[in-house]
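Report on the following structure.
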Amino acid sequence: MFDLVSENGVAQCSNLEEGASPLAIRGLTVSYGQKPAVFSVDMTVVPGQMTAIIGPNGAGKSTLLKAALGLVPKVSGQVRVFGADLIKQRERIAYVPQRASVDWDFPTRVLDVVLMGLYRELGLLARIRGAHRAQAKACLERVGMADFADRQIGQLSGGQQQRVFLARALAQNADLYLLDEPFAGVDAATEKAIISVLKSLRDAGRTVVVVHHDLATVRDYFDSVFLINTRKIAEGPVEHAFTPELLQEAYGGRLATAQMDQIQPLAG
Amino acid sequence: MLFDALLLQLGYNATLVSIGAALLGGAAGITGTFLFLRKRALVSDAVSHATLPGVCLAFLLMVSFGGDGRNLTGLLLGSAVSAAAGLWCLNWLTQRTRLAEDAAIGAVLSVFFGFGVVLLTVIQTLGVGRQAGLEGFLLGSTAGMLFSDALVIAAGGTATLFVILLARRALTLVAFDPDFAQTQGLPVGRIDMLMMGLVMAVTVVGLKIVGLILIVALLIIPAVTARFWSERSEQVVALAGLFGAGAAYVGAALSASAPNLPTGPLIVLVSFAFFALSLVCAPQRGVLAAVVQRRRFQRRVHLRQGLLALAQNQPIYEALTLRLLRQAGLARADGVATDAGKARAAKALRDEKRWEFVRRDPANETAAALYDGLRAIETVLTADQIAEIDRQIGGPQEVLL
């Protein structure tokens, strides 16, 4: 069992030049107080793929993402983005936080939120021009929210909020997209819209990493899986790393048989 | 008298105070809006209370060196230093210990203020003679303002406005989504510090007019007032500046219109009047608007449910439903539908069936998501689409209106 894990991990690492990886993490430990939320984790994201970060509640999925972005201080470890320091590569990363992380009663409109994605381009002072607005509108169009550009964000449903956040990330035109639970609590139409946008990003050669909680959709949505429960359990292509044995290891006894049935590889 | 004051006809000093107060009020309203949007409104209360020991120490220092203890620049410098110390303690407590921000605010506020009051008492017992006026820093002074004081306030207010003009985009982004701001490369910690620096500047500059106990009102009340009137942050900021400047101007004029009326408290009361008015009357977020909207919505729901009940020959139990149907001429007092009522009821039931059809087909997901029981299907689908649905579900093609 254990051999299998390390085999997978090693295979994955050696396949890939570390410098070429959009996101390479070595020995990362993050802790809240005295208890590590993520312990000594290595991760090598494969470029041009969609990768799911999977694990039980409290396994450190979001923390891993935040630490990779420098949003939470790390105790130890190293993060390389496209082979360089995070600070030098910021413009190549787009981050979609959990939608509950902001106050949706904030006095702003949908289009203004998307324009925030152009902040790097606009800087502190540049005036927002028609071209910027058109760019932001096009991003809203891609997530099916063009009609909502002038709405106050407080009027949006959860799924619409999530799509606006995705549109903001699209406006950044990044090479690496990091999304924290984009499918949590959204309607079916939104889930479909988001996954099709993410797949089109992948098909355009961008790299997408998603913190994901719905095991039933992993096979349909993702190319690679990163299984974590404080420590890395497995990493690799879905067919190798997303197996009942490894999931059992990550989730312990918490995985019901019904769920296991859903994730069994299809026959043939 | 009041009218004269508002028109700046009460002489040089009153005019000076009014204009100075308006500038300060505007700067405070604008600065406070960012504080309010960042949900750190109460931090300003800790900062303002933390100025007192600085004022007292500066006074003691200046006197002990044989200078004039009441030199405003010196006193304000002292207040800025101790406000910064208070802010540092606050940040340290929230970042390095497990104390939540509210507890840290309480601790810093009371300890600094207590220390300041002790120093104030010591100064009084020392009988230095010229301490008169230091109490003015607590609640603001009713006494006049020197031209140099007005200059200090004008300069401080203008500088604050200028900095905010430069940093507004960053301040807004950090207030809305600090994590995202940081991934965009914004120095979130330093922007928060800048915001606190501006709050400190407004506080220090406003000490002389409003006093440290009430300055928090100048920062926060205009912001929450403005929030009632707009859903866009730039507008909220601008409106808060206007409300703040207006309240300060009117308050200062009021206090000048009769002897011994305190400036600071009057400004706060005028500001509160603006707030109360907005709370009640604001078009979207106001209390009245909310009541009206709720009642209108309730009527729509009752009318719709009543029509569906009529169409299906179900009894109507609710008095409000019956009354609404009767008022609209759709039903008689005994609950039997009129001809108009029958037609509307048939249409309502038909629409319900059409919706059912739309919602059954996964291909119509977007349209189906808009169903809430009240929305008219014509606002979602075109006449052609509805005709197509009718063709598929059969039944009467024409609905009498």
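This structure is a prediction, so every number in the text was calculated from the model and none was measured. Order of the sequence lines sets the chain letters (A, B, ...), proteins ahead of strands, with each chain counted from 1.
- Within the 4.5 angstrom heavy-atom criterion, no atom of A/Asp187 approaches chain B.
- In terms of heavy-atom pairs under 4.5 Å with chain B, the best-connected choice from A/Ala193, A/Ser101, A/Gly117 is A/Gly117.
- Your options are A/Lys66, A/Gln152, A/Met116, A/Arg168, and the one with the most heavy-atom pairs under 4.5 Å with chain B is A/Arg168.
- Chosen from B/Lys39, B/Arg168, B/Arg98, B/Gln184, the residue pairing most often with chain A at heavy-atom distances under 4.5 Å is B/Gln184.
- With a 6.0 Å radius and a threshold of 12 heavy atoms from other residues, nucleotides or ligands, B/Phe228 has its CZ atom above the threshold.
- A/Ile128 touches chain B through backbone and side chain together, each having a heavy atom under 4.5 Å away.
- For chain A, the nearby parts of B/Ala175 are the backbone and the side chain; heavy atoms of each come within less than 4.5 Å.
- Between chain A and the options B/Val188, B/Val236, B/Leu173, the largest number of non-hydrogen pairs under 4.5 Å is found for B/Leu173.
- In this structure, a donor-acceptor pair under 3.5 Å is absent between the side chains of A/Asn173 and A/Arg92.
- Checked by atom type, the side-chain pair A/Gln98/A/Ser62 shows a donor-acceptor distance below 3.5 Å.
- Within 6.0 Å of atom CZ in B/Arg190, 12 or fewer heavy atoms from other residues, nucleotides or ligands are found, so the atom counts as exposed in its surroundings.
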Practice problem: Dump the intermediate steps for side chain to side chain donor-acceptor pair (under 3.5 Å) on A/Glu181 and A/His213, then the final yes or no. | Solution: CA-CA 7 Å; A/Glu181 299 265 10; A/His213 66 281; 2.8 Å; yes

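- Within the structure, salt bridge (charged side-chain N to carboxylate O under 4.0 Å, His left out) pairs that include any residue of residues 123-142 of chain A do not occur (at least two apart or interchain).
- Across A/Leu86, A/Leu122, A/Val113, A/Ile87, the residue that shares the most heavy-atom pairs under 4.5 angstrom with chain B is A/Leu122.
- Of all non-hydrogen atoms in A/Ala169 and A/Ala94, the two that sit nearest each other are O-CB, 3.7 Å.
- Chain B forms more heavy-atom pairs under 4.5 Å with one residue of A/Lys192, A/Arg90, A/Glu91 than with any other, namely A/Arg90.
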